[in-house]
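What follows is one structure encoded as structure tokens, with my remarks underneath.
None of the values given here were measured: they were computed from a predicted structure. These values consider heavy atoms only, across backbone and side chains, with no hydrogens, waters or symmetry-generated copies.
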Amino acid sequence: MWLFGRSTKKKSQTKKMPKKYTFSHVNDESPEEIAVKQLRSSVKDILKSHQDNDDYLRKWLKARNYDVMEAERMFRNSMAFRKKIGADTLLQKYTPPE
């Protein structure tokens with residue numbers, strides 16, 4: 001029972017996770033890391049150098065609930081749209097008004 005932000009239970013009454021359910025990934029890769037590697041290999045043909053980091057690719061995977069095929073489709077559609085509207089060359093082509 002919580003009362004003013006403090007528990008009224010003793011420390012010995014709190015439940016702890018049994019040792020058999022703890023996870024350690026010392027040398028193993030997590031499923032998220034595997035998905036990032038798969039996405040990187042599937043979009044390496046259109047991946048730019050500033051986009052080639054785990055956090056950027058994880059953003060696309062997270063948006064599609066770590067479904068690599070859906071994340072790839074979304075990434076490719078986004079890059080095609082950026083190319084269509086010229087988002088990557090906007091600063092080079094921009095001429096300020098007089």
Side-chain angles (χ1 to χ4, degrees):
M1 179 178 188
W2 286 90
L3 182 65
F4 301 110
R6 296 185 180 186
S7 176
T8 56
K9 292 182 178 180
K10 295 180 183 178
K11 285 187 178 184
S12 61
Q13 292 177 336
T14 58
K15 293 183 179 181
K16 293 183 181 178
M17 185 178 280
K19 293 279 185 187
K20 66 180 182 179
Y21 293 115
T22 57
F23 301 102
S24 64
H25 294 287
V26 178
N27 293 326
D28 298 336
E29 293 180 330
S30 69
E32 289 85 10
E33 292 171 344
I34 294 169
V36 168
K37 286 184 178 183
Q38 288 175 346
L39 181 61
R40 179 178 285 121
S41 67
S42 65
V43 296
K44 66 183 172 186
D45 58 324
I46 61 170
L47 198 61
K48 296 183 173 104
S49 62
H50 68 277
Q51 298 168 335
D52 192 14
N53 64 46
D54 289 352
D55 293 331
Y56 185 78
L57 295 174
R58 193 173 284 120
K59 174 178 75 168
W60 297 95
L61 286 164
K62 190 174 181 182
R64 292 296 173 226
N65 207 11
Y66 287 90
D67 184 352
V68 177
M69 292 178 63
E70 288 294 318
E72 178 188 358
R73 188 173 60 80
M74 181 180 172
F75 183 78
R76 288 187 183 278
N77 288 342
S78 177
M79 293 302 116
F81 177 74
R82 290 179 63 85
K83 186 176 180 179
K84 178 181 173 184
I85 65 168
D88 295 329
T89 59
L90 184 65
L91 294 177
Q92 288 82 19
K93 293 182 178 179
Y94 178 74
T95 55
E98 293 182 19

Side-chain donor-acceptor distances from residues 83-98 under 3.5 Å, at least two apart:
from : atom 1 : to  : atom 2 : distance (Å)
D88  : OD1    : R82 : NE     : 3.2
D88  : OD1    : R82 : NH2    : 2.5
D88  : OD2    : K48 : NZ     : 3.0

Restricting to non-hydrogen atoms, name the atom on [X] and the atom on [Y] that form the minimum distance, rounded to 0.1 Å.
X: E33; Y: E29; result: OE1-CA, 3.3 Å
X: Y56; Y: M79; result: OH-CE, 3.7 Å
X: H50; Y: N53; result: O-ND2, 3.9 Å

Are side-chain heavy atoms of D54 and R40 found at a separation under 4.5 Å?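 In short, these two side chains touch, coming nearer than 4.5 Å.
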Considering only heavy atoms from C-beta outward, does the side chain of I34 approach that of K37 to under 4.5 Å?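 Contact flag for I34/K37 side chains = no.
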Considering residues at least two apart in sequence or located in another chain, which fulfil the side-chain contact (heavy atoms from CB on, under 4.5 Å) criterion with R76?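 Counting only residues at least two positions away or on another chain, R76 forms a side-chain contact (heavy atoms from CB on, under 4.5 Å) with V43, D45, I46, E72.
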Would you call D52 and K44 a salt bridge, using N to O less than 4.0 angstrom?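 Judged by the 4.0 Å cut-off on N to carboxylate O distance, D52 and K44 do not form a salt bridge.
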Could you list the donor-acceptor pairs under 3.5 angstrom formed by side chains in residues 60-68, with sequence neighbours left out?
from : atom 1 : to  : atom 2 : distance (Å)
D67  : OD1    : M69 : N      : 3.4

